[in-house]
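Here is the structure we will look at, set down as structure tokens.
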Amino acid sequence: MNTSTLADTIYRQARLAGYDDCGIIPIDEMDEYQARFQERLAKEPTSRPFYERIAPGMATKKRFPWAKSVIICTWWLGRHRLPETLEGKYAKAFFLAPQAALPEKELRKKDAFTDWLTAQGLRWAGGEKSSHLQIGGLRHAAMRAGLGIIRKNNFLYTERGSFVMLEGFVIDQPCELRQHHDIKPCAAQCHLCQDHCPTCALSAPFTMNPLKCVSFWNTFGKSQLPPNIPEKAMGNWIVGCDACQNSCPYNRIPAAKPEKEIPERINRALPWLDPPKLKTAPDAVLQEEILPLCDDHIQSDELDTLRHSAARYLRNQTRP
């Protein structure tokens with residue numbers, strides 16, 4: 001199979017698996033992300049401990065010396081609807097991710113993509129289940145593949161906005177597939193995402209300090225806030241944060257309207273997601289009903305993270 005045929009076949013299989021789009025770039029193009037990564041370190045020196053910890057995961061070619069190409073697939077999270085009662089409390093990127101939103105039959109269909117890669121005799125690594133570092137800078141890879149652009153809030157935007165999950169795979173065969181879009185860049189005078197970031201984690205366009213991010217502290221940070229972040233700044237967010245994306249005009253487009261109803265898993269957990277109930281929920285409920293919605297950002301031995309966030313939400317309702 002020649003490289004052009006292989007690329008076209010990979011694209012067709014990705015679409016059959018349910019992905020919205022797919023592109024492929026040579027692995028050498030991941031080198032550019034290393035330079036962007038160093039720029040981020042220079043712009044936010046106080047976040048160096050965080051970035052240095054994840055830096056080895058960004059060295060794609062070093063981690064996968066056998067790889068020749070990077071496949072990047074997009075999955076629009078807005079295909080399902082989030083209940084209005086959860087808006088502003090629970091982030092869409094977690095609760096509408098495929099592992100949380102899809103029924104078992106559709107998950108098997110999605111997993112068939114990697115089964116197909118294996119059946120073709122391709123050596124591959126990556127995928128949504130492997131880790132959140134996956135195979136390096138996924139937003140950079142998606143932009144290089146022509147799947148969208150990165151806006152000032154650092155999220156990749158397709159023609160349907162920024163509520164998009166990216167999955168990346170490296171393979172041991174050379175091939176290339178570029179897509180095309182007609183997405184306008186951010187207006188020079190627009191700073192809505194920065195203005196709406198509750199903790200000023202978006203300190204400048206195209207950069208951010210993860211150690212100030214609401215989403216970091218109510219997930220990986222175990223809801224144990226540092227002294228420089230007051231409880232009030234966390235607002236109503238219990239798991240994750242969509243503030244900068246919700247404020248962006250490029251997420252208010254007709255193409256971003258949900259196509260499907262609320263996922264069954266969310267409907268089942270809905271009574272327990274009410275903050276007073278979440279605060280006192282037994283371990284078994286949090287483990288079985290809530291953690292699967294958190295997209296692996298909260299682990300089974302970190303259940304108190306949810307309780308702490310719910311308690312803080314309730315305290316914030318009484319603050320002026």
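Small disclaimer: the values here were computed from a predicted structure and weren't measured.
Using a distance-only test at 3.5 Å, with no hydrogens or angles considered, a donor-acceptor pair links the side chain of Arg139 to the main chain of Asn154. Looking at Thr74, its side chain does come within 3.5 Å of a backbone N or O of Asp21 through a donor-acceptor pair. At least one donor-acceptor pair closer than 3.5 Å links the side chain of Thr60 to the backbone N or O of Ile135.
Between Phe113 and Trp116, the ring-plane angle classifies as parallel under the 30° and 60° cut-offs. Ring geometry for Phe169 versus Trp124: interplanar angle over 60°, hence perpendicular rather than tilted (30 to 60°). Ring geometry, Phe94 versus His297: the interplanar angle falls from 30° to 60°, so the pair is classed tilted.
Asp20 has a carboxylate O that lies under 4.0 Å from a charged side-chain N of Arg79, or vice versa, which qualifies the two as a salt bridge. Under a 4.0 Å N-O distance rule, the pair Arg108/Asp111 does not qualify as a salt bridge. Between Arg265 and Glu289, no side-chain nitrogen of the basic residue sits less than 4.0 Å from a carboxylate oxygen of the acidic one, so the salt-bridge criterion is not met. Ion pairing between a basic and an acidic side chain is recognised when a charged N comes within 4.0 Å of a carboxylate O; Arg144 and Glu176 show no such pairing. We find that Lys61 and Asp31 are joined by a salt bridge, their nearest charged nitrogen and carboxylate oxygen being less than 4.0 Å apart. Taking 4.0 Å as the cut-off between side-chain N and carboxylate O, Arg178 and Glu29 count as a salt-bridged pair.
Between Phe155 and Phe163, the distance separating the two ring centers is not shorter than 6.0 angstrom.
Side-chain contact annotation: Arg15 with Tyr11, donor-acceptor N/O pair under 3.5 Å present. In this structure, a donor-acceptor pair under 3.5 Å is absent between the side chains of Ser162 and Arg151. Judged purely by distance below 3.5 Å, without hydrogens or angles, the side chains of Asn236 and Gln317 pair a donor atom with an acceptor atom.
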Check your understanding: Would Ser309 and Val239 count as a side chain to side chain contact (heavy atoms under 4.5 Å, CB included) if you check the C-alpha gap in whole Å, the side-chain angles of each, and the deciding distance to 0.1 Å?
Key -> CA-CA 8 Å; Ser309 293; Val239 178; over 6 Å; no
Decide salt bridge (Lys or Arg N to Asp or Glu O under 4.0 Å) for Lys260 and Glu106; before the verdict, give the C-alpha distance in whole Å, the side-chain angles of both, and the deciding distance to 0.1 Å. CA-CA 13 Å; Lys260 300 182 180 181; Glu106 289 188 52; 3.6 Å; yes
Please report the C-alpha distance between Arg315 and Glu231 in whole Å, then the side-chain angles of each, then the deciding distance to 0.1 Å, and finally whether the side chain to side chain contact (heavy atoms under 4.5 Å, CB included) criterion is met. CA-CA 9 Å; Arg315 288 193 296 273; Glu231 281 198 336; 2.4 Å; yes
- [ ] Kindly determine whether Asp283 and Arg307 satisfy salt bridge (Lys or Arg N to Asp or Glu O under 4.0 Å), including the steps that lead there.
- [x] CA-CA 10 Å; Asp283 283 5; Arg307 296 187 180 106; 2.4 Å; yes
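No continuous path of ILVMFWY side-chain contacts below 4.5 Å connects Leu192 to Leu156, so the two sit in separate hydrophobic clusters. In the hydrophobic cluster analysis, where Ile, Leu, Val, Met, Phe, Trp and Tyr join through side-chain heavy atoms closer than 4.5 angstrom, Leu102 is grouped together with Ile290.
For Gln224, the CD atom counts as densely surrounded, since its 6.0 Å shell holds more than 12 non-hydrogen atoms of other residues, nucleotides or ligands.
When all heavy atoms of Gln99 and Leu107 are compared, the pair lying nearest together is OE1-CD2, 3.2 Å.
Taking the ring centre of Phe206 as origin, the terminal cationic atom of Lys152 falls outside the region bounded by 6.0 Å and 45° from the ring axis.
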